[in-house]
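All residue numbers in this chain count up from 1 along the given sequence.
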Amino acid sequence: MRRWRRLTEVLRRDDGSAPLEFITAGLILLVPLVYLVIAMANIQGASLAAAGAARQAARVYVTAPNAAAAGERMRRAVTVALTDYGVDATTASITVRCSPKPSVCLTRSGSVTVTIGARAGLPLMPSALDLDSAASVAVRAVATQTVSRFWVGQE
């Protein structure tokens with residue numbers, strides 16, 4: 001009987017276990033939360049980079065004097081915009097759609113739609129394991145600009 005009473009008294013005491021519980025629970029909850037915040041910041045940065053790249057690419061495309069110059073300017077603008085945010089520009093995909101004539105982009109009062117696809121890498125993923133595609137999130141952005149009705153190009 002005495003042993004039982006002593007055992008229940010020992011179990012009821014709460015001396016010195018609070019710091020240990022705080023550290024354990026803090027690590028279990030805090031580490032994934034910090035990782036999630038960093039991962040979301042990377043994804044948000046990549047989506048902002050894609051949006052800026054698409055917008056700038058559409059702008060430089062519609063102001064170019066011809067289609068060849070437009071393509072070169074657009075690729076340069078995308079590379080600069082994505083690199084500024086730390087996104088790998090070599091893996092980005094660029095798609096251009098034109099209306100009202102899909103075969104001729106630079107027509108007066110026509111519209112040019114540029115779509116940029118990129119990948120946001122997750123933090124702390126080693127590149128040695130070749131997990132680049134599995135450990136990344138795809139982001140996409142679309143921007144449309146209208147060619148000036150006063151545009152005079154050289155084809």
Side-chain angles (χ1 to χ4, degrees), residues 16-155:
S17 63
L20 181 63
E21 290 172 5
F22 179 76
I23 291 170
T24 304
L27 285 177
I28 290 173
L29 297 174
L30 192 62
V31 170
L33 183 64
V34 168
Y35 183 82
L36 180 66
V37 167
I38 294 170
M40 292 304 291
N42 281 355
I43 295 168
Q44 182 67 28
S47 66
L48 289 172
R55 185 175 54 250
Q56 193 61 29
R59 286 178 183 166
V60 299
Y61 199 98
V62 299
T63 60
N66 56 38
E72 179 57 33
R73 288 180 182 185
M74 178 188 61
R75 281 186 287 283
R76 227 177 313 146
V78 169
T79 301
V80 168
L82 292 178
T83 305
D84 280 349
Y85 280 88
V87 177
D88 186 14
T90 60
T91 61
S93 65
I94 305 169
T95 307
V96 179
R97 272 193 348 258
C98 306
S99 65
K101 299 178 185 176
S103 60
V104 182
C105 282
L106 295 174
T107 58
R108 292 180 183 179
S109 298
S111 64
V112 176
T113 302
V114 177
T115 305
I116 304 292
R119 298 201 69 83
L122 296 178
L124 304 175
M125 289 294 165
S127 59
L129 299 177
D130 199 27
L131 296 173
D132 294 339
S133 61
S136 62
V137 177
V139 294
R140 186 164 95 56
V142 179
T144 302
Q145 289 288 320
T146 304
V147 180
S148 172
R149 64 184 175 149
F150 302 113
W151 180 81
V152 179
Q154 317 151 347
E155 286 297 328

To the nearest 0.5 angstrom, please state how far the [atom1] atom of [X] sits from the [atom2] atom of [Y].
X	Y	atom1	atom2	answer
I94	I116	CD1	CD1	4.5 Å
Q56	R73	CD	CZ	11.5 Å
T24	L29	OG1	CG	10.5 Å
L30	I28	CG	CD1	11.5 Å
I43	R119	CD1	CZ	10.5 Å
N42	S47	CG	OG	11.0 Å

Give me the atom names and distance for the closest heavy-atom approach of [X] to [Y].
X	Y	result
A81	G52	CB-C, 4.4 Å
P123	I38	CG-CG2, 3.6 Å
A57	V78	CB-CG2, 3.7 Å
G110	P100	CA-CD, 3.8 Å
A58	A143	CB-O, 4.0 Å
V60	A77	CG2-CB, 4.0 Å

Could you tell me whether the side chain of V137 reaches within less than 4.5 Å of the side chain of L122, counting heavy atoms only? yes

Is there a side chain to side chain contact (heavy atoms under 4.5 Å, CB included) between V112 and V147 once you walk through the steps? CA-CA 7 Å; V112 176; V147 180; 4.2 Å; yes

The side-chain contact (heavy atoms from CB on, under 4.5 Å) partner of Y85 among L82, V87, T83 is V87

